[in-house]
S.K.: 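After the structure tokens below, expect a handful of questions from me.
Note on naming: letters A, B, ... go to the chains in the order of the sequence lines (proteins, then strands), and numbering restarts at 1 for each one.
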Amino acid sequence: MNQSGNDNTGFFEKVYEVTRMIPYGRITTYGAIARYLGSAQSARMVGWALNSCHSQPDWVPAHRVVNRNGQLTGKVHFPGSNTMQQLLESEGIRVEDDTVLEFKKFFWNPATEL
DNA sequence: GGTGTGACAATGG
DNA sequence: GCCATTGCCACAC
């Protein structure tokens, strides 16, 4: 029952929520989110959740989430070819070779900011 | 209901 | 310092 659309697992839902909390012009990593959820060793689940972000009715700024190297590993999951990079550059984030430059500078830690 | 995988991360040699 | 391997949890088949 309870088909109001919020029947996702707490873990996934939390990932979407945290991802939506990312401020404009900032980015975070899978490990940071996973750690914020209490499962630092489950960083893969964060990526998996974003992979299922299509299941979410709202738009999830998954383009603001990158791997520890600042590389846009999941850009292939976006429509088009470099949609993810374009979005990041549109927010003032320098991206080159599918990698975020000054990634540490734009890094947003949910465990710290929240 | 079991197996495999997956947009990662951390550790070891 | 770089390459290879393991750990992790939830979802898809």
Side-chain angles (χ1 to χ4, degrees):
Chain A
M1 330 298 209
N2 205 1
Q3 70 305 7
S4 278
N6 255 20
D7 58 309
N8 277 351
T9 358
F11 200 92
F12 272 53
E13 193 182 334
K14 206 87 182 255
V15 173
Y16 299 135
E17 188 174 354
V18 175
T19 306
R20 281 193 222 124
M21 281 194 216
I22 303 176
Y24 180 91
R26 292 272 207 234
I27 53 177
T28 186
T29 65
Y30 303 96
I33 298 174
R35 195 155 114 171
Y36 176 71
L37 298 179
S39 301
Q41 320 214 175
S42 311
R44 299 160 125 178
M45 303 295 79
V46 180
W48 198 269
L50 293 175
N51 180 18
S52 289
C53 73
H54 304 268
S55 198
Q56 276 295 303
D58 292 331
W59 166 254
V60 180
H63 60 275
R64 289 184 189 150
V65 185
V66 294
N67 68 352
R68 201 128 161 61
N69 292 327
Q71 193 173 21
L72 283 53
T73 47
K75 75 157 193 182
V76 296
H77 296 277
F78 277 80
S81 15
N82 51 349
T83 307
M84 191 169 182
Q85 181 174 340
Q86 291 298 313
L87 287 168
L88 289 171
E89 288 188 329
S90 182
E91 297 195 357
I93 299 176
R94 202 66 81 178
V95 180
E96 186 174 300
D97 194 20
D98 302 332
T99 308
V100 177
L101 303 182
E102 300 287 331
F103 148 73
K104 259 198 225 164
K105 188 158 130 184
F106 296 107
F107 177 67
W108 178 76
N109 192 334
T112 301
E113 300 293 328
L114 301 180

S.K.: Does atom CZ of A:R94 have more than 12 heavy-atom neighbours, drawn from other residues, nucleotides or ligands, at distances under 6.0 Å?
M.R.: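 Atom CZ in A:R94 is not packed in, count stays at 12 or less.
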
S.K.: Check step by step if side chain to side chain contact (heavy atoms under 4.5 Å, CB included) holds for A:V18 and A:T28.
M.R.: CA-CA 10 Å; A:V18 175; A:T28 186; over 6 Å; no

S.K.: Measure the distance from CG on A:L37 to P on C:dC8 and round it to the nearest whole Å.
M.R.: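 Taking CG of A:L37 and P of C:dC8, I get 17 Å after rounding.
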
S.K.: Which letters describe nucleotides 7-13 of chain B, given B = protein heavy atom under 4.0 Å from base, S = only from sugar-phosphate, - = neither?
M.R.: BBSS---

S.K.: Return the orientation label for the A:H63 and A:W59 ring planes: parallel under 30°, perpendicular over 60°, tilted otherwise.
M.R.: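 It falls in the parallel class, under 30°.
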
S.K.: Under a 4.0 Å N-O cut-off, is there an ion pair linking A:R26 with A:E113?
M.R.: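 No, no charged N to carboxylate O under 4.0 Å.
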
S.K.: Measure the CD-CG distance between A:Q85 and A:D97 for me, rounded to the nearest 0.5 Å.
M.R.: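 Going from the CD atom of A:Q85 to the CG atom of A:D97 covers 8.5 Å.
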
